[in-house]
Enquirer: 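So that we are looking at the same thing, I have put the structure below in structure tokens.
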Amino acid sequence: GAPFIWVVVGLTLLAWLSGWERVAGFLFLLTVFVVAFFRDPDRKIKAGSHDLLSPADGRVLMVEPVEDPPYLKGKWQKISIFMSVFNAHINRIPINGTVRQIRYKTGRFLMGFSEKASWENEHNAVLIEDSTGRQVMMVQVVQTMMILVKRQLAAQLMVANQLGGNGESAGGGGEGAGYGGEGAGD
């Protein structure tokens, strides 16, 4: 988010130095919004090594069992989280483990609360396996508002990466749809 922040800060200063108070005032408000949108607050998380954590700030829209979702086989638990523009747009690693698979898909830009958005929108699916063999797939979905601010999804994650979990940053992203394998979260 730093490039976006520096651009609006620079434009704000330029407008203010040019004597365009109204434009500078508008750009200042835009700067506050952009800084809030891209913030990455520290999290003090007290969780055990096998706890499953929420990968995103936001509102849980749905928790439901699913069978054979995209990229996966078997029974899974789907948890859909909607992030509004007021939530911190940073995704976090939900479990300690190893990245086993990453699937990136270009796609549409439907509204994030749409059920079809999970798999039709541009998204990044990251499968993580913990030391007990439990697997969690974190899916970062880009929504309509993100067209203007399209960001790379979890660029620093690579297959075979060892992840500390417990709230470690997984990069920017959109809505979250998490899948836990049979018995996940027990």
Side-chain angles (χ1 to χ4, degrees), residues 1-47 53-63 78-94 99 102-126 137-158 161 163-178:
F4 297 104
I5 293 169
W6 287 116
V7 166
V8 292
V9 165
L11 291 173
T12 302
L13 288 173
L14 183 64
W16 181 67
L17 291 172
S18 299
W20 302 336
E21 289 87 14
R22 289 182 190 219
V23 173
F26 170 77
L27 289 171
F28 175 76
L29 293 176
L30 182 62
T31 300
V32 170
F33 173 78
V34 170
V35 167
F37 186 84
F38 288 108
R39 72 191 182 280
D40 185 3
D42 285 336
R43 299 283 192 232
K44 304 274 188 261
I45 298 169
K46 295 179 182 175
L53 305 174
S54 175
D57 291 353
R59 186 180 66 193
V60 174
L61 293 180
M62 171 186 331
V63 178
K78 178 180 179 182
I79 304 168
S80 296
I81 302 167
F82 176 75
M83 295 166 57
S84 78
V85 295
F86 301 109
N87 294 118
H89 277 66
I90 291 294
N91 292 142
R92 300 186 182 281
I93 303 300
V99 175
I102 299 175
R103 295 277 182 97
Y104 173 78
K105 178 187 174 288
T106 59
R108 301 174 65 187
F109 296 96
L110 302 172
M111 292 300 287
F113 51 79
S114 164
E115 176 58 30
K116 293 192 290 184
S118 289
W119 297 110
E120 290 186 24
N121 279 12
E122 178 175 341
H123 66 266
N124 194 46
V126 179
M137 179 168 275
M138 178 178 69
V139 182
Q140 301 167 298
V141 183
V142 176
Q143 68 163 329
T144 304
M145 285 199 57
M146 296 298 287
I147 292 173
L148 297 174
V149 189
K150 184 177 162 188
R151 300 177 9 201
Q152 236 177 342
L153 300 175
Q156 68 266 34
L157 297 180
M158 294 174 31
N161 273 18
L163 305 173
N166 291 340
E168 179 181 327
S169 178
E175 314 324 305

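None of these values were measured; they are calculated from a predicted model.
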Enquirer: Give, for atom CE of Met138 and atom CD1 of Ile102, the distance between the pair rounded to the nearest 0.5 Å.
Expert: 9.0 Å
Enquirer: Starting at CZ of Phe33, measure out to CZ of Phe28 and round the result to the nearest 0.5 Å.
Expert: 14.5 Å
Enquirer: Under 3.5 Å, side-chain donor or acceptor atoms of residues 9-17 against the rest of the protein: list the pairs with distances, not counting sequence neighbours.
Expert:
from, atom 1, to, atom 2, distance (Å)
Thr12, OG1, Val8, O, 2.6
Thr12, OG1, Leu27, O, 3.2
Thr12, OG1, Thr31, OG1, 3.1

Enquirer: Check each of Leu29, Val7, Ile5 against Val34 using the side chain to side chain contact (heavy atoms under 4.5 Å, CB included) test, and report the only one that passes.
Expert: Ile5
